[in-house]
**Q** 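This is the structure, below, for whatever I ask next.
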Amino acid sequence: MTELRLRLQQGNTERTVTVNQDVFTIGRLPECDLCLPYVGVSRWHARLVKTAAGVWTIEDMGSKNGTQLNDRVVISPQQIRHGDTIWLGDVSVLVLLGEPVQTETPKAIDAAGEQRTIFHNVKQLQEQWIQADSHNGDINNKDKSIARLKDLVDIAKNLCAAASIEEIFSQVQKVVFRYLSSIDRLALLIDVKGGGKLELLNCATRNTDQQEYLPNDGSWISRSICQKVFDEQVAIQIADALYDERFAGEQSILVKGIRSAMAVPLWDENKVVGVLYADAHLSSYHWAKEGEEELSFFSALANIVASSVQRWLLAEKLKTEEVIRHRLERYHSPAVVQQLIAVGALPDGRLPPRESEISILFADIVGFTAMSERFTASEIAELLNNLFEEMLQEVFAFGGTLDKYIGDCIMTIFGAPEPQPDHAERAVAVALRMLTRLESLNASNFWQEPLQLRIAINSGKAVVGDMGCSQRVDYTALGATINLAARMEAVCPPGECVISEATYKMLSRPSYFQEMGDYRFKGIDRLVKVYQTKLRH
């Protein structure tokens, strides 16, 4: 017994339905044997009937948009065969019979026997559009050319005033639906991140009542057509995508309802930034005759749109960079921030955690707890703000990164986010500069009483990067290297700096330090050799 199956695609999911009864209804209502709740499909759209002779037929049930079998409108019951395509509004269904009939796939040809697909060089196409057809010297062609130029000027003015991508698309939508009567749907796809991946930013239908039925995920768009246009910088117009062998590998063209399609690159002779895509669910046979002219207009429009999109992308990039810059400048020197932005090391504006070889520096104020008892909270806050400002200048001068402030302690990293082979040298240099700078500040009565620092440095591996949740993210370092540095601070003499043996061995000139002894720290099951600065007084 011959089995009948129907293959269709919903969004990105393809499914096959088996017809297991002699009368099988298709429509938008749940009562139908095959429910298709899509735009263009009537409540009771069509039905499949198996005759007494075992032949399957398709009948239209008085649908609003009609039923097609391949390229023929179904007026009376028509026999269906394996490989046929049934069109119900925007939805296409592939017929699969258990005993396939070997038929030759028809070619997409016009009356002259040529395929109804146009591939064109974009630059030639745009130049052609603004030139009058002078083969017969008709004055009307010159008038037509002038009108075309005026339209482009008006469009350009409106697009120049558009500040958002929504405004840009609104202007494009008005122009396309006014000039290209054959177009049903329109989409704007942009390479937002500059990585060659097209993102659907906006789309529309000619009939605004059907806008809600247009999937925002772009599942109705032929990605293979758009990608070819984007990669090869060509303009494409297909009068019947179903039979074009260039796209035969994309089964989704068959089931997405794509019959006639146009796609042009958004290109301003410097860079392709996206694709303007339009299609119609019915075959547009007039495109075989008028297609080149319409494609030329569509491409010329896209050229103007490209400039507006470029401006929008640049504005968005600058806004994003400004937000990123303000956040990163809390941790990194301006030079490091600029380098990170320039090399594109910030996916989604974040520095992803990674293992790095670093030196970590802790510096805190000696006797801060007792000081907090003697001064008001406002005075303490003023002290910390002013002192941190002074110390951070030394950190940034050597390319260091602020991890965080912990009360009166400043925690800084060297060797991340950008690798620094001399991170230990930098950390030690900053520590010595901090101690010297504080001496100078004390001499100028920076605070109501002299201040001292304790500084501890350790070197090794740590995980460094942005960490936290979606509401709060901080740049920080984690690992045993950080824990040891924090513990070492407790054995540092006032006004001095201590370093671990790991840091000491990395210094090219360790003469500033002398061995202090072996220490055992809480949570660390080994003795740690510690070095301190030689007396500098």
Side-chain angles (χ1 to χ4, degrees), residues 1-11 13-111 116 213 220 239-245 247-260 280-285:
M1 182 177 179
T2 302
E3 180 184 59
L4 173 60
R5 290 171 297 146
L6 306 175
R7 180 179 297 166
L8 63 151
Q9 179 167 317
Q10 293 172 291
T13 304
E14 186 179 276
R15 67 180 177 126
T16 301
V17 177
T18 300
V19 178
N20 51 16
Q21 56 202 62
D22 291 348
V23 178
F24 189 85
T25 57
I26 306 173
R28 200 170 68 242
L29 292 179
E31 293 89 337
C32 294
D33 299 312
L34 176 57
C35 178
L36 299 174
Y38 306 123
V39 59
V41 179
S42 297
R43 292 182 300 170
W44 297 94
H45 199 110
R47 66 182 175 187
L48 296 166
V49 178
K50 187 176 183 181
T51 67
V55 175
W56 283 99
T57 62
I58 179 73
E59 300 177 12
D60 184 74
M61 299 177 69
S63 64
K64 180 180 179 181
N65 293 316
T67 303
Q68 282 185 252
L69 178 62
N70 298 322
D71 289 326
R72 302 186 305 275
V73 177
V74 175
I75 299 175
S76 59
Q78 299 290 321
Q79 181 180 351
I80 58 174
R81 295 179 175 82
H82 179 77
D84 283 347
T85 302
I86 300 170
W87 295 88
L88 307 103
D90 287 345
V91 179
S92 63
V93 178
L94 181 64
V95 175
L96 301 173
L97 286 170
E99 298 177 1
V101 178
Q102 298 298 324
T103 58
E104 183 181 353
T105 302
K107 302 289 184 180
I109 56 173
D110 59 16
R116 292 193 300 275
Y213 298 105
W220 53 278
D240 200 330
L242 176 62
Y243 295 125
D244 194 292
E245 59 188 19
F247 304 100
E250 188 184 3
Q251 180 67 15
S252 59
I253 283 182
L254 190 67
V255 292
K256 284 180 179 179
I258 300 171
R259 298 300 292 272
S260 303
H281 73 279
L282 296 178
S283 295
S284 295
Y285 290 104

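Note that the coordinates shown come from a computational prediction; the quantities given were computed from them, not determined experimentally. The first residue in the sequence is number 1, and the count goes up from there.
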**Q** Which distance, rounded to the nearest 0.5 Å, do you find between the CZ of Phe24 and the CG of Leu4?
**A** 8.0 Å
**Q** Roughly how far, to the nearest 0.5 Å, is the CZ atom of Arg43 from the SG atom of Cys32?
**A**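 Going from SG on Cys32 over to CZ on Arg43, the span is 10.0 Å.
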**Q** When rounded to the nearest 0.5 angstrom, what distance separates CE in Met61 from OG1 in Thr25?
**A** 6.5 Å
**Q** Search all heavy atoms of Gln21 against all heavy atoms of Val23 and return the closest pair with its distance.
**A** NE2-O, 2.9 Å
**Q** Which residues pass the side chain to side chain contact (heavy atoms under 4.5 Å, CB included) test with Ser42, not counting sequence neighbours?
**A** His45, Ser63, Lys64
**Q** To the nearest 0.5 Å, how far apart are CG in Leu69 and CZ in Arg81?
**A** 9.0 Å
**Q** Among Ile80, Thr85, Val17, Leu88, which one satisfies side chain to side chain contact (heavy atoms under 4.5 Å, CB included) with Val93?
**A** Leu88
**Q** Can you sort out the partners of Arg5 under side chain to side chain contact (heavy atoms under 4.5 Å, CB included), two or more places apart, ordered by chain and number?
**A**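 For Arg5 the side chain to side chain contact (heavy atoms under 4.5 Å, CB included) partners, ignoring immediate neighbours, are Glu3, Thr16, Thr18, Leu96.
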**Q** Quick one: pull up SG in Cys35 and CD1 in Ile26 and give me the separation to the nearest 0.5 Å.
**A** 11.0 Å
**Q** First locate atom CG of Leu34, then atom CG of Leu48, and finally report the distance between them rounded to the nearest 0.5 Å.
**A** 9.0 Å
**Q** Scan Val74, Val73, Ile86, Ile58 and name whichever one has a side chain to side chain contact (heavy atoms under 4.5 Å, CB included) with Gln68.
**A** Val73
